[in-house]
Amino acid sequence: MTRSLFKPLALEAAFVLLGMTWLVTPLPVRAQEDIRCLTCHGKPGFEKTLPSGKKLELFVDPMRLRLSVHKDRKCVDCHADVTEVPHPEIPQKVNCGRCHFLGNSVGAPQLQRYIEYGTSVHGKALAEGNPKAPVCQDCHGDHFILPGSDARSQVNHKSIPQTCGGCHLEIYAQYQESVHGQALIKGVKDAPVCTNCHGEHNILKPQDKTSTVNPGTVVNTCSKCHSKVVIMEKYGVKAEQVATYRESFHGIANEFGMLKAANCASCHTAHQIFPEQDPRSTVNSRNIPLTCGKCHPGANANFAQGRIHLNPKDKSAGIVYWVALGFKVLTLSTLAGLLIHIALDLYRRFKNRKQPGEKKEVEVAEKSQ
Amino acid sequence: MALSVTLLILSGVALTYHEQAWARFLIWLMGGLQGRHWVHRTAAIGLLVAGLLHLLGLMLSERHKRDFREVKPRPNDFRAAWSGLKFAFSGKGEPPHYGWFTPMQKLQYWGVLIGCLLMGVSGVLLWNPVFTLNSFPKWVLDTMLVLHATEAQFIFVLFILWHLYDVHVAEGNFPMNPAWLTGRMSEEHFARQHRASWENGRSKEEA
């Protein structure tokens with residue numbers, strides 16, 4: 001009985017050992033396997049016409065793979081379902097999760113992001129079986145994966161909008177027109193791209209309370225740059241806009257969770273942000289009645305008469321500044337006067353107590369004339 | 001009026017100092033920001049009604065009309081106030097003989113009236129931002145906002161240091177001057193604080 005149990009187990013153990021020797025095989029031998037793949041895939045112009053008529057490019061530039069972060073990997077490390085050459089079937093889409101998981105032993109970076117993707121809007125779409133859901137290689141590329149810091153990378157700061165724009169066409173077009181998109185095109189390194197506001201692997205729907213672009217959190221997201229004087233003064237934008245918003249009725253209401261109150265994006269929009277002077281801007285004086293009217297029905301052209309982000313502590317606020325200052329002076333001088341009054345009064349009482357006077361307690365009806 | 005003003009101050013400072021923990025607690029007590037709005041607005045209507053009743057009283061009641069004649073400012077008030085100040089600082093001579101209302105009380109009455117008017121007007125304009133922004137340039141709304149907030153701080157200081165001290169702690173009034181509930185005061189108190197009227201009344205009685 002024991003023998004019959006052991007026999008298949010021993011057989012399996014032998015297979016596992018065989019597999020492990022394959023893992024520790026020296027690189028040149030494994031590279032030779034790549035050469036076998038490149039017999040066909042290394043030929044420029046190697047392609048296949050799909051039944052739909054679409055042409056699928058099958059050429060892989062081995063030099064590009066050797067320049068990427070996966071330079072030490074060989075074809076079948078990722079295309080694991082290819083067991084014989086030529087392969088009779090079209091191989092499955094590569095599953096990056098074979099190596100990229102927390103606790104992996106092959107040296108793939110140990111990142112929380114792999115898990116974040118699963119709970120993101122993209123990961124959830126994939127789990128629901130949406131064939132259009134983006135997976136790793138849709139953003140990071142396939143054979144030419146580079147770190148985000150590399151200017152040639154698809155996920156480099158300046159390339160992110162184009163990468164996301166591959167699917168989000170309309171928003172990409174809006175963003176490119178906007179002040180942020182234009183700045184990026186001009187090579188401004190501070191210009192925000194999609195991921196600066198939406199996150200990377202942890203992108204959530206705006207309706208999700210923990211999303212960085214939820215009405216309850218978007219103020220903090222914009223503030224990451226817009227409250228920093230060092231960044232804002234380079235572009236002639238006031239950093240105090242954040243503070244003045246937070247002190248306004250809109251800002252206080254937003255802080256206390258009344259999310260119908262206006263946040264940054266309610267007035268400035270999310271992707272079509274333009275300077276105030278630009279006629280396309282939602283905060284251009286011509287468009288103010290429409291913008292304010294979204295929440296305040298009946299807003300007329302008079303809404304545009306005046307500055308919105310006004311700092312009452314600044315002299316440029318005019319009468320607002322002087323009224324605030326006037327009352328401050330009045331309050332402080334009255335405070336001082338009343339404190340002196342109380343001190344004098346108490347002093348007088350203390351003195352009088354030493355020489356108690358005559359006291360007479362007579363209740364009289366209210367005096368009438 | 002006392003209840004309205006107390007509620008207005010509590011719900012008002014809670015908004016002005018919304019970043020402070022105690023203000024957050026107050027707002028929480030009032031049922032969040034929306035609740036705070038309604039406490040403030042209800043109390044404001046309460047004060048408005050009190051003000052209207054006062055106006056009605058001025059028009060209808062003889063007693064109110066008499067009091068209003070007495071409370072009108074006169075050049076003599078400045079002299080009386082000056083002698084009062086002199087007495088307070090030097091302690092020499094006799095306390096000044098005030099009439100039916102002391103200059104301080106007159107100042108309080110007119111201060112409260114003008115204060116209520118300003119707070120009322122700015123409050124109503126802030127309550128209806130669409131009307132205000134449709135009818136005036138934006139600086140009007142901004143000015144009303146700082147006016148409302150800074151005047152409230154001023155009123156708060158007066159309320160604590162002047163009014164509450166005057167009627168609860170000041171000599172003869174501890175723990176409380178009951179006049180605000182009963183409408184009456186002791187003859188001793190009356191004689192000390194409103195000497196001229198007291199003497200006037202005395203001479204009439206004797207006659």
Side-chain angles (χ1 to χ4, degrees), chain A residues 246-249 252-253 255-258 261 292-293 296-308 310 312 317-328 330-332 334-335 337-342 344-349 351-352 359-369, chain B residues 15 18-19 24 27 32-34 36-37 62-63 66 87-89 91 100 104 126 129-131 133-147 149-158 160-162 165-166 169-171 182-188 190-191 194 197-198 201 204:
Chain A
R246 288 195 196 272
E247 276 308 307
S248 74
F249 277 126
I252 296 170
E255 190 191 331
F256 278 85
M258 284 169 69
C292 299
H296 300 284
N300 68 16
N302 199 52
F303 263 65
Q305 299 294 312
R307 281 163 53 196
I308 303 291
L310 192 79
I319 182 168
V320 185
Y321 169 80
W322 293 110
V323 167
L325 187 74
F327 265 103
K328 202 173 171 185
L330 184 66
T331 306
L332 287 177
T334 313
L335 189 72
L338 288 175
L339 284 174
I340 292 170
H341 167 251
I342 290 175
L344 278 175
D345 193 58
L346 290 175
Y347 170 73
R348 185 82 50 234
R349 278 162 74 181
K351 269 189 109 177
N352 286 353
K359 280 208 168 180
K360 140 177 113 163
E361 297 281 347
V362 190
E363 291 287 330
V364 289
E366 197 193 7
K367 184 177 177 284
S368 56
Q369 274 188 326
Chain B
L15 182 65
H18 59 95
E19 69 281 352
R24 284 174 188 275
I27 291 174
L33 214 56
Q34 200 71 50
R36 189 217 69 88
H37 287 347
E62 274 307 312
R63 194 164 63 83
R66 181 204 64 198
F87 171 73
F89 277 99
W100 184 246
M104 288 272 259
L126 289 170
V130 176
F131 164 77
L133 283 173
N134 274 348
S135 319
F136 308 103
K138 185 168 174 288
W139 65 262
V140 173
L141 187 75
D142 292 326
T143 310
M144 289 304 139
L145 178 61
V146 288
L147 179 85
T150 49
E151 194 193 328
Q153 287 173 334
F154 178 64
I155 291 170
F156 183 63
V157 165
L158 289 185
I160 299 284
L161 287 184
W162 192 359
Y165 179 84
D166 226 27
V169 189
E171 189 168 19
T182 59
R184 286 148 197 263
M185 73 196 309
S186 72
E187 184 175 353
E188 182 227 347
F190 185 68
H194 308 270
S197 279
W198 183 66
K204 273 188 189 164

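Chain identifiers are assigned alphabetically (A, B, ...) following the order of the sequence lines, protein sequences preceding nucleic acid strands; residue numbering begins at 1 within each chain. Given the structure is predicted, the values throughout are model-derived calculations rather than measurements.
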Q: Evaluate side chain to side chain contact (heavy atoms under 4.5 Å, CB included) for A/Glu247 paired with B/Glu19, printing each intermediate quantity in order.
A: CA-CA 10 Å; A/Glu247 276 308 307; B/Glu19 69 281 352; 4.2 Å; yes
Q: Count the heavy-atom pairs under 4.5 Å between each of A/Gly337, A/Gly257, A/Ala324 and chain B, then report the option with the highest count.
A: A/Ala324
Q: Please determine, among B/Leu126, B/Val157, B/Val140, B/Leu158, the option with the most heavy-atom pairs under 4.5 Å with chain A.
A: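 If we count pairs closer than 4.5 Å to chain A, B/Val157 comes out on top.
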Q | Contact class of A/Tyr321 relative to chain B, heavy atoms under 4.5 angstrom | A | neither
Q: Identify which part of A/Ile308 has an atom lying under 4.5 Å from any heavy atom of chain B, answering side chain, backbone, both or neither.
A: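 Contact with chain B involves both backbone and side-chain atoms of A/Ile308.
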Q: Using non-hydrogen atoms and a 4.5 Å limit, figure out which bit of B/Leu141 sits close to chain A: side chain, backbone, both or neither.
A: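 Contact with chain A is absent: no heavy atom of B/Leu141 under 4.5 Å.
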**Q.** B/Ile155, part contacting chain A, at a heavy-atom distance under 4.5 Å
**A.** neither
Q. Got a donor-acceptor contact below 3.5 angstrom from the B/Asn134 side chain to the A/Gly298 backbone?
A.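 Yes: the side chain of B/Asn134 pairs with the backbone of A/Gly298.
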Q. Under the criterion side chain to side chain contact (heavy atoms under 4.5 Å, CB included), which of A/Ile319, A/Val323, A/Leu310 is the partner of B/Asp142?
A. A/Leu310
Q | Check: A/Met258 and B/Gln34 side chains under 4.5 Å, non-hydrogen atoms | A | yes
Q.
For the CZ atom on B/Phe156, are there more than 12 heavy atoms of other groups (residues, nucleotides or ligands in this structure) within a distance under 6.0 Å?
A. no
